[in-house]
Protein chains: 2
Amino acid sequence: MDVTIYDIAERASVSIATVSRVLNNSTRVAEATRQRVLEIADELGYEPHTSAQNLARRQSNLIAVVLPWATNFFLEVLRGVQDRVAETSYDVLVYLARNNKEVESRLDRALKKGRAAGVLFLSNPVTDAFCEKLKNSSATVVLADTYHDEFESAVVDNVLGGYVATNHLIETGCRSVGLIMASPRSVPSADRRRGYVKALTDAGIAVDEDLISFDAEAGDGYTEDSGYRTMCELLSRPRRPDGVFVTSDEQAIGVLRAMREHGLAVPDDISVVGFDDIPLLRYAGLSTLRQPMYELGRFATERLIKKLESGDGESQHTVFAPELIVRETTRQAVAAVAAEEEE
Amino acid sequence: MDVTIYDIAERASVSIATVSRVLNNSTRVAEATRQRVLEIADELGYEPHTSAQNLARRQSNLIAVVLPWATNFFLEVLRGVQDRVAETSYDVLVYLARNNKEVESRLDRALKKGRAAGVLFLSNPVTDAFCEKLKNSSATVVLADTYHDEFESAVVDNVLGGYVATNHLIETGCRSVGLIMASPRSVPSADRRRGYVKALTDAGIAVDEDLISFDAEAGDGYTEDSGYRTMCELLSRPRRPDGVFVTSDEQAIGVLRAMREHGLAVPDDISVVGFDDIPLLRYAGLSTLRQPMYELGRFATERLIKKLESGDGESQHTVFAPELIVRETTRQAVAAVAAEEEE
DNA sequence: GTGAAAGCGCTAACAG
DNA sequence: CTGTTAGCGCTTTCAC
């Protein structure tokens with residue numbers, strides 16, 4: 001049997017209430033008693049029993065992170081979450097799902113009573129069903145990379161990202177800008193499309209559905225494989241784009257593969273812009289829109305913790321801006337080329 | 001207040017003991033009562049309070065996964081862990097560290113009394129200090145991607161992997177085979193080196209320390225950045241290799257970058273073999289040794305659960321074999337070339 | 001300041 | 001088959 005506060009109390013000739021007080025550095029305890037208790041606790045190697053604490057306190061020290069796919073994006077976000085959580089006494093429960101249905105069952109588990117104090121719900125659209133579950137739960141929830149009126153959220157401005165990406169393609173001389181989308185059900189993906197449409201419209205270019213291809217499979221479609229399939233499909237159509245905006249870097253890698261197989265050169269035949277700026281791919285030469293993934297994770301966790309500790313409060317909706325990173329899969333901007341020729 | 005077994009008991013006019021029995025589908029309960037209780041529980045939306053259960057049962061439903069770095073390797077392993085765990089009532093606590101010191105503090109948290117029933121300790125060398133902690137803890141531990149006599153473990157045969165990789169390089173005509181290592185403190189990395197040495201020795205080639213470069217930084221060195229730095233260092237030395245075995249794919253990407261910057265072609269100037277076969281990199285053309293990462297995670301979890309449920313039992317040491325995947329960063333084997341010329 | 005005592009929600013003998 | 005009764009280890013009034 002492990003050492004409990006009873007053991008400490010006995011050794012220190014005080015009651016368990018006192019031990020509990022000093023351990024929680026709560027109200028007035030004689031300095032002498034405090035020292036003695038602390039010493040004995042240390043000596044005995046005392047460690048509080050989390051379940052007992054949670055039961056008595058009627059709360060939990062667990063934060064559940066629910067996410068719909070396991071990609072590099074998530075890896076970065078999780079790093080941010082972990083770093084912030086490490087500074088607290090919370091621990092992180094991870095629920096990895098592979099599709100919408102799995103998200104539901106994982107969420108159910110995460111929301112089980114007494115399980116988690118807070119939930120970080122990532123990237124998945126907050127459907128009515130999920131919203132219901134989230135609201136009925138006693139857990140504090142923060143959304144990241146997805147949005148819903150009724151919950152605190154932290155997102156990257158995907159519309160802006162789509163806009164900037166598409167605009168970059170237009171500025172570098174692309175006339176037929178295509179779009180390779182992940183699942184249209186995915187919120188970030190749908191938002192990026194809106195930015196794409198807006199950029200084209202602003203430039204006076206008509207949106208051509210024939211240049212838009214999306215992943216119709218069950219998953220979320222942010223994978224290399226999805227990008228490959230979707231690009232192949234696009235290339236099988238009569239009109240060929242001279243530039244494509246792809247809704248994630250991983251997909252973009254698949255797009256590049258499809259192009260290679262079709263004997264197409266980048267950026268000469270088709271320029272490519274991704275989204276995310278995954279560290280591992282930074283040297284693949286992919287032009288992309290950088291998302292502050294780590295910061296997103298860390299910030300969302302920060303907010304969650306604050307809500308947990310100070311009894312909720314207002315729900316904010318924070319928006320991070322993505323940043324265009326130009327590398328080798330797009331041409332230089334026309335203006336830049338002109339400037340260079342000046343020299 | 002949430003609904004408890006007392007509420008159910010009252011509504012069903014039975015005792016809480018009976019409710020508890022049917023909820024745990026334990027011994028003989030009248031079918032009629034069982035039905036009624038189940039119905040009411042469902043109707044009330046009852047959910048057991050995990051902390052209360054854990055306290056009463058004197059056990060935990062948590063499995064802690066402790067890992068020293070956040071790379072794609074881990075992502076795959078975690079998928080395996082999650083998939084297996086999803087079939088049980090366990091939940092997964094993730095402790096991500098960035099270096100050895102962080103591993104220690106994360107491990108301490110994971111081992112806190114009553115926290116986790118089992119610990120999956122990944123990739124990190126089991127130092128004496130860790131071994132001590134692990135043994136003193138009441139948690140069941142399983143090692144994955146690392147080894148220690150006293151604990152169950154599941155590893156990939158890294159010596160074999162290093163051997164096969166090096167041998168492949170030799171067979172495809174490399175005369176000066178270099179080695180780009182992650183931290184020599186890392187067990188997998190050190191084992192891969194042993195395989196490298198053995199392959200050279202078996203081929204009658206002297207091991208030249210000047211062709212071996214490792215990452216001396218604080219981290220584990222399995223990153224792109226590390227590979228880049230380490231390769232640059234190697235290239236700055238007088239003797240230049242015509243092939244290198246790199247201890248991970250992520251590092252290999254960095255090696256490729258370093259080569260590009262030095263104007264070196266792959267595989268013409270230098271052949272490259274990585275390790276891992278990270279999905280995202282499968283189309284980067286990297287020749288590598290595939291580790292069954294997902295399987296490793298799933299299997300280790302399987303073992304952990306088995307031990308948890310059937311009161312320990314023997315500790316096995318399972319070894320998975322890595323598989324050589326030849327792509328474009330190495331030349332074709334001489335035999336293959338010969339065979340081709342035959343045609 | 002400190003102790004006694006009543007739970008937190010659930011499990012598990014032990015009777016019956 | 002079912003109820004009674006102790007706890008599990010800790011927190012938290014409420015007195016003293």
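Letters A, B, ... mirror the listed sequences (proteins, then strands); counts begin at 1.
Evaluation of atom-type donor-acceptor distances gives a pair under 3.5 Å for the side chain of Tyr6(A) against the base of dC10(D). Counting atom types as modelled, Arg57(B) pairs no side-chain N or O with a base atom of dG9(C) as donor and acceptor under 3.5 Å. A donor N or O paired with an acceptor N or O is not found under 3.5 Å between the base of dG7(D) and the side-chain atoms of Arg58(B).
When distances run from any side-chain atom of Thr33(A) to the nucleotides dT2(C), dC10(C), dC10(D), the shortest one goes to dT2(C). In this structure, of dT11(C), dG9(D), dT11(D), it is dT11(C) that holds the atom nearest to the side chain of Ile5(B). Candidate nucleotides dG9(C), dG3(D), dG1(C) were compared by shortest atom distance to the side chain of Arg21(B), and dG3(D) ranks first. Nearest nucleotide to the side chain of Asn24(B), out of dC10(D), dT2(D), dT11(C): dT11(C).
Spacing between atom CZ of Arg34(B) and atom P of dC1(D) amounts to 10 Å, rounded to whole angstrom units. When rounded to the nearest whole Å, the span between CG of Asn54(A) and C1' of dC10(D) equals 10 Å. Rounded to an integer number of Å, the gap from His49(B) NE2 to dG7(C) P is 18 Å. Remark: P of dC1(D) and CD of Gln35(B) are 14 Å apart, rounded to the nearest angstrom. Distance CG (Leu23(A)) to P (dC10(D)): 8 Å, rounded to an integer number of Å. Following rounding to the nearest Å, Leu55(B) (CG) and dG7(C) (P) show an atom-to-atom distance of 17 Å. Straight-line distance from the CG atom of Asn61(B) to the C1' atom of dT11(C): 15 Å, rounded to whole Å.
Residue pairs meeting the side chain to side chain donor-acceptor pair (under 3.5 Å) criterion with at least one member in residues 88-98 of chain B, sequence neighbours excluded, are Asp83(A)-Arg98(B), Asp91(A)-Tyr95(B), Tyr95(A)-Asp91(B), Arg109(A)-Asp91(B), Arg115(A)-Asp91(B), Arg98(B)-Glu102(B). Evaluation of the side chain to side chain donor-acceptor pair (under 3.5 Å) test over residues 116-133 of chain A, restricted to residues two or more places apart or in two chains, returns Asn100(A)-Asn124(A), Glu104(A)-Lys133(A), Asp108(A)-Lys133(A), Ser123(A)-Asp145(A). The stretch residues 36-47 of chain B participates, sequence neighbours left out, in these side chain to side chain donor-acceptor pair (under 3.5 Å) pairs: Arg11(B)-Glu43(B).
For Phe151(B) and Phe121(B), the distance between ring centers is not under 6.0 angstrom.
Put simply, the side chain of Thr33(B) gets close to the backbone of Ala30(B): a donor and an acceptor are under 3.5 Å apart. Under the 3.5 Å distance criterion, the side-chain polar atoms of Thr301(A) are matched with a main-chain donor or acceptor of Gly297(A). Between the side chain of Glu76(A) and the backbone N or O of Tyr294(A) there is no donor-acceptor pair closer than 3.5 Å.
Two residues are said to be in side-chain contact when any heavy atoms from C-beta on lie closer than 4.5 Å; Val142(B) and Lys307(B) meet this criterion. Using a 4.5 Å heavy-atom cutoff, the side chains of Tyr147(B) and Leu143(B) are not in contact. Side-chain contact check for Ile305(B) versus Ile63(B): some heavy-atom pair is nearer than 4.5 Å.
Note that the two end axes of the helix from dG1(C)-dC16(D) to dG16(C)-dC1(D) enclose an angle of 40°, each drawn from 5 base pairs, rounded to 10 degrees.
Note on Gln53(A): every side-chain N or O is 4.0 Å or more away from OP1 and OP2 of dG9(D). The phosphate of dC10(C) (OP1 or OP2) has no side-chain N or O of Ser20(B) nearer than 4.0 angstrom.
More than 12 heavy-atom neighbours from other residues, nucleotides or ligands sit within 6.0 angstrom of CD on Gln59(B).
Ionic pairing of Arg298(B) and Glu295(B) is not present here: no N-O contact between side-chain nitrogen and carboxylate oxygen is shorter than 4.0 angstrom.
The stretch residues 7-17 of chain A comes close to DNA chain D through Ile16(A), Ala17(A), each having a heavy atom under 4.0 Å from the strand. A heavy atom closer than 4.0 Å to some atom of DNA chain C occurs in no member of residues 37-46 of chain A.
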